[in-house]
Amino acid sequence: MDRYERILSLHRILGSARYPVTVARLQDELDCSRATVYRDVAFLRDALMAPIVGDDAGIRYDAEESGRFELPGLWLSSEELHALLAAQQLLSRSGGGVLSSALAPLQSRIEKLLSEHASGKQWPMERVRVIPHRTRRLDEQAFRAVCSAVLERKRLAFEYRARSTDEKTRRTVSPQRITHYRDNWYLDAWDHERDGLRSFSVDRITHARGLQDAAIDVDEGELDRHLGGSYGIFSGAPKGVATILFSARAARWVADEHWHSQQQGRHLADGRYELKVPYSAARELLMDVLHYGSDAEILEPPSLREQAKSLLELALSNYER
């Protein structure tokens, strides 16, 4: 433990102690000599103005001042620094490039903080890898406008081209929240023209501009019921519960996966895994199930099973030409 970490640990020990802490205990917890403890205590008291009281029998923070004292600046442990390093790499390499640009000032501050706390040490950035998967390209101006409208609680106008129909429409919405789902961004909003809650894929938004009118706020419970009650990003109240049976081989993966907040799963005696998951629109659920190929079988409901069978037959027909 270097001096920086010892000072941080010493502050945390004294800040949480209800009774005076002995020097021997500090030696043990800080893993240092008695002389080092005295030097660190003196630095904390004299240079950082910590409200330290007591003597060799035990020291602590003054009870009346303890709650108001904080270390100046930002102090992080090695573990926290490592986590910050990983977060910095996530910011710089994810989001289809748009996060790197939009958060460039924050990223610069993180890099400066890492440099200051590393005492000249070069951090092995190449040891932290972030590999985006099927990330869609975003319009940076639209992304910024959406984020600003969500946080400033202002209405937003934009053009939207639906992926399912390729139809372009003009929308005016009250943004509720922005959601990151499967490496892509979605805007949950109240659509004023359609008088209802909708989710918009941000990569399909163009010519976005914030309006001066205040956004209406939808109750968080209603948002969750409408947009979070069914499988995946396709909103709406659940229309059914799918029962999916996975092979013993696939069970080793599926049993640890989170598909839905209300999912139910159980291991069968033969090693297979049964998963029950609520869903509204079948499309995304079918995509995930078919991803497992012959290791997955939809048991219920019959309509969903037939849809999966039809998709598999169409896929097979591509190879019979």
Side-chain angles (χ1 to χ4, degrees), residues 1-95 98-130 144 147-148 150-153 177-180 220:
M1 188 182 299
D2 59 23
R3 190 187 189 198
Y4 175 86
E5 285 196 272
R6 288 200 313 273
I7 294 296
L8 178 58
S9 297
L10 179 60
H11 166 67
R12 289 175 174 172
I13 293 169
L14 297 180
S16 61
R18 297 179 60 186
Y19 302 100
V21 183
T22 65
V23 174
R25 176 189 161 188
L26 292 175
Q27 281 183 253
D28 182 60
E29 295 205 25
L30 300 178
D31 192 23
C32 63
S33 67
R34 188 179 185 87
T36 298
V37 170
Y38 282 126
R39 284 196 297 270
D40 288 346
V41 169
F43 177 79
L44 189 60
R45 180 190 60 228
D46 301 334
L48 302 181
M49 308 300 292
I52 294 176
V53 296
D55 51 30
D56 289 349
I59 60 174
R60 61 181 176 85
Y61 280 166
D62 181 272
E64 295 183 359
E65 298 293 330
S66 176
R68 294 192 291 268
F69 175 73
E70 287 293 341
L71 291 177
L74 181 60
W75 292 65
L76 301 172
S77 66
S78 292
E79 291 81 4
E80 291 166 337
L81 271 175
H82 297 158
L84 185 59
L85 172 61
Q88 185 267 342
Q89 291 299 293
L90 180 62
L91 289 177
S92 64
R93 300 182 187 183
S94 66
V98 70
L99 285 181
S100 297
S101 175
L103 300 177
L106 176 60
Q107 183 178 332
S108 298
R109 296 184 66 179
I110 291 176
E111 291 174 349
K112 181 179 179 182
L113 182 63
L114 288 169
S115 177
E116 290 174 350
H117 285 262
S119 302
K121 176 183 176 181
Q122 292 294 317
W123 292 91
M125 300 292 192
E126 70 282 358
R127 298 292 180 178
V128 180
R129 299 189 68 197
V130 178
R144 289 173 181 261
C147 291
S148 296
V150 169
L151 296 176
E152 294 175 359
R153 311 305 307 126
R177 57 193 179 191
I178 187 166
T179 302
H180 189 253
E220 191 73 17

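Because the structure is predicted, anything quoted here is derived from the model rather than measured.
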Listed partners of Glu65 passing salt bridge (Lys or Arg N to Asp or Glu O under 4.0 Å), at least two apart:
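With sequence neighbours excluded, Glu65 shows a salt bridge (Lys or Arg N to Asp or Glu O under 4.0 Å) to Arg68, given in chain and number order.
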In this structure, which one of Thr36, Ile59, Val23 forms a side chain to side chain contact (heavy atoms under 4.5 Å, CB included) with Val41?
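Testing each of Thr36, Ile59, Val23 against Val41, the sole residue satisfying side chain to side chain contact (heavy atoms under 4.5 Å, CB included) is Ile59.
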What residue among Leu14, Asp62, Leu10 forms side chain to side chain contact (heavy atoms under 4.5 Å, CB included) with Ile52?
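Single pass found, and it is Leu14.
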Assign the ring pair His11 / Tyr61 to parallel, tilted or perpendicular, where the plane angle (0 to 90°) is split at 30° and 60°.
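Taking Tyr61 first and then His11, their aromatic rings sit tilted (interplane angle of 30° to 60°).
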Gap between atom CG of Asp31 and atom CG of Leu26 - 0.5 Å precision:
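Leu26 CG to Asp31 CG: 12.5 Å, rounded to 0.5 Å.
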Checking side-chain contact (heavy atoms from CB on, under 4.5 Å) for the pair Arg60/Val53: CA distance, chi angles, key distance, verdict?
CA-CA 6 Å; Arg60 61 181 176 85; Val53 296; 3.9 Å; yes
Salt bridge (charged side-chain N to carboxylate O under 4.0 Å, His left out) contacts in which one or both residues fall within residues 18-27, not counting sequence neighbours
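Only Arg25-Glu29 qualify under salt bridge (charged side-chain N to carboxylate O under 4.0 Å, His left out).
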Can you give me the closest heavy-atom contact between [X] and [Y], atom names plus distance?
X: Gln27; Y: Arg34; answer: NE2-N, 3.4 Å
X: Cys32; Y: Val37; answer: SG-CG2, 3.6 Å
X: Asp40; Y: Arg6; answer: OD2-NE, 2.7 Å
X: Pro20; Y: Gly58; answer: CB-C, 3.7 Å
X: Thr22; Y: Ala57; answer: CG2-O, 3.6 Å

